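Below, all heavy atoms of this structure are taken into account, side chains as well, without hydrogens, waters or symmetry copies. It should be emphasised that the depicted structure is a prediction, and the values quoted were computed from it without experimental measurement. Counting starts at 1 for both ligands and their atoms, in listed order.
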Amino acid sequence: MARVFSGIQPSGDVHLGNYLGAIRRWVEEQPPAGSEAALRRDAIHCVVDLHAMTVPYVPAEMASRTLALATLLMAAGLEPDRSLLFVQSHVRAHAELTWILNSVATFGELNRMTQFKEKSGGQESVSAGLFDYPVLMAADILLYDTDEVPVGDDQRQHIELARDIAIRFNHRFGKTFVVPKGTYAEVAARVMDLQNPTRKMSKSEESPQGTILVLDPPKLIEKKIKSAVTDSGTDVRYDPAEKPGVSNLLEIYAATSGTPISKAEIEFEGAGYGKFKQAVADAVIECVRPVQERYAALEADPGEVDRRLLRGAEEADAKAEEVMARATRAAGLLPRPR
Ligand code: ATP
Ligand code: LTN
């Protein structure tokens, strides 16, 4: 099996885009318990709190958000004997390798990142960390000899950059890093905002009505889907350019019900938007129900999450130290005398 690594920011509440585009795939792709791959810890998942610091945030909320996100990932089905789960800031090597890679990444390539342009646009003060965000992400990935990075479509450019950095480092200093590749969902790789279906559903944009949270109560999910923006027509047809709202709901329906989009179009032919939206709401509610139930159980036993994160940090630390030693040696730094 390929070594898989992925990360998610504790920057807000987990929404349906995060779940369908990323988390659910992480869960599905875990190796079976007891297998060689599981023992090697070939599935690694990280709550990337250092990334979440690159934009303004409330310090008093960071720790609880981090813990809540780890709890949600466990509730979604990342199991202790099948994957490694840890918090980025618990493993020092992430920040250290970032510094080394900062001398390999160029200003020009970071300046071309569209996420930086989007997140920095219109801000009064933009942190250097936000600019450097993709290098920290490259460090996350390269520290674990990662082969594959399952992410949503919005991360393509960052993954390409991580590849370029690995290739350049290897070329300049000798073979050190595995060159990773991104893997993307087939449906729902980019879930759009329900109120503004030309913009991706996002944790940090203020759009409560347009964002379905995985932990939203069923009634609220139903309400949000029923008030989703569609168009003045009546046909349920997949056409992202002409009908972005309906197409987004079709993607969500397909991903949560398991019905292919083409079949769904037939299923809802002549049904009208009201009936269609009800079916989408029902499918979403069923899809998140088990996660909500397990979340409630884990919340009642925070010790379990703590133990998992402690073990995760120790295991990740050991792996990262090996790669770090390789990287500092290759880059020519003096090894610390022992
Ligand atoms: P932010 O809005 O703060 O940038 P985010 O909602 O994009 O946050 P991240 O923590 O950056 O969430 O991403 C976690 C994972 O979810 C990533 O793999 C990302 O590609 C994926 N993802 C995020 N938004 C969507 C979306 N709308 N559709 C599909 N996948 C998504
Ligand atoms: N930038 C990513 C989150 C992230 C990540 C990673 C994803 C940080 N480090 C390493 C995969 C691998 C995002 O999803 N917005």
[Y] backbone acceptor or donor facing [X] side chain under 3.5 Å:
X	Y	result
K200	R190	no
K224	P208	yes
Q88	D140	no
S127	T54	yes
Q278	K226	no
K243	R237	no
R82	L78	no
T328	L333	no

>> If I apply the N/O under 3.5 Å rule, does H158 come out as touching ligand 2?
In response: no
Just going by heavy-atom distances, which of [options] is nearest to [atom]?
atom	options	result
atom 17 (C) of ligand 1	S6, G152, A185	G152
atom 30 (N) of ligand 1	G17, A255, G7	G17
atom 5 (P) of ligand 1	V55, N18, D154	N18

In terms of atom number and element, which parts of ligand 2 are under 4.0 angstrom from non-hydrogen atoms of [X]?
X	answer
V149	11 (C), 12 (C)
V151	7 (C), 11 (C)
F5	10 (C), 12 (C)
V48	8 (C), 9 (N)
Y133	1 (N), 2 (C), 3 (C), 13 (C), 15 (N)

> Do the rings of W26 and H45 sit parallel, tilted or perpendicular, given the 30° and 60° boundaries?
Replying inline: parallel
> Distance under 6.0 Å and angle within 45° of the ring axis: does R3 meet both against Y144?
Replying inline: no
> Does H15 approach ligand 1 within less than 4.0 angstrom via side chain, backbone, both or neither, non-hydrogen atoms only?
Replying inline: side chain
Using distance alone, determine whether [X] and ligand 1 share an N or O pair under 3.5 Å.
X	result
S202	yes
V151	no
V191	yes
M192	no

Which of the ligand 1 atoms, numbered from 1, are nearer than 4.0 Å to a heavy atom of [X]:
X	answer
A22	15 (C), 16 (O), 18 (O)
Q155	20 (O)
K119	1 (P), 3 (O), 4 (O)
G21	29 (C), 30 (N)
A189	28 (N), 29 (C), 30 (N)

> Does E242 CD have over 12 foreign heavy atoms under 6.0 Å away?
Replying inline: no
> For atom NZ of K219, is the number of surrounding heavy atoms from other residues, nucleotides or ligands below 6.0 Å larger than 12?
Replying inline: no
> Do you know which two heavy atoms are closest between E265 and Y238, and how far apart they sit?
Replying inline: OE2-N, 2.6 Å
> Salt bridge between D145 and R40, side-chain N to carboxylate O under 4.0 Å?
Replying inline: no
For [atom], the protein heavy atom that lies nearest, with its residue and separation:
atom	value
atom 3 (C) of ligand 2	G7 O, 3.6 Å
atom 15 (N) of ligand 2	Q155 NE2, 3.0 Å
atom 9 (N) of ligand 2	D140 OD2, 2.7 Å

> Is it the side chain, the backbone, both or neither of I141 that has a heavy atom closer than 4.0 Å to ligand 2?
Replying inline: side chain
